[in-house]
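A short worksheet on the structure shown next.
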Amino acid sequence: MIGWELLIDVLGIKSFVLPKPSEIVAALQQNWTEGFGIFPSARATLIEAAGGLIIGTVAGVLVAFASARWLSARHALLPLAVAAGAIPIIAFAPLMNNWF
């Protein structure tokens, strides 16, 4: 990290453009529990992400088992899966953000 700090000093880069790594670590330590309170937000984000991963995995496995086992489930679910896969994520993400 000292090499980066030396490079920033030598090039004369302003700290608001590219802060030194030591300044970044100091700000993170200061704001971890006090100030902005990053830790509670990080914990909530981690819980939500893990919950979404678990729910998505269980739902995907159940749909895969159902479509592999029953032909009627395959005929009902396969067009939905193809349609969901055809929608670009860049177009779908803002729509889901507004819905939820």
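Note that the coordinates shown come from a computational prediction; the quantities given were computed from them, not determined experimentally.
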Would you mind writing out the side-chain donor-acceptor pairs for residues 90-100 within the sub-3.5 Å range, not counting sequence neighbours?
none

| message | Suppose we screen for side chain to side chain contact (heavy atoms under 4.5 Å, CB included). Which residues come up paired with Pro19, at least two apart in sequence or across chains? | response | Glu23, Ile24
| said: Could you work out, with side chain to side chain contact (heavy atoms under 4.5 Å, CB included) as the rule, every residue matching Leu18, not counting sequence neighbours? | reply: Ile8, Ile13
| Taking only residues two or more places apart in sequence, or in another chain, which ones meet Gln30 in a side chain to side chain contact (heavy atoms under 4.5 Å, CB included)? | Glu34
| request: Could you pull out the closest heavy-atom pair between Ala68 and Arg74, with the gap in Å? | output: O-NH2, 3.6 Å
| query | How would you list, by chain and number, every residue that makes a ring-ring contact (aromatic ring centres under 6.0 Å, His included) with Trp32, sequence neighbours excluded? | reply | Phe39
Expected list for residues 44-66: side-chain donor-acceptor pairs under 3.5 angstrom, two or more places apart:
from: Thr45; atom 1: OG1; to: Ser41; atom 2: O; distance (Å): 2.9
from: Thr57; atom 1: OG1; to: Leu53; atom 2: O; distance (Å): 2.7

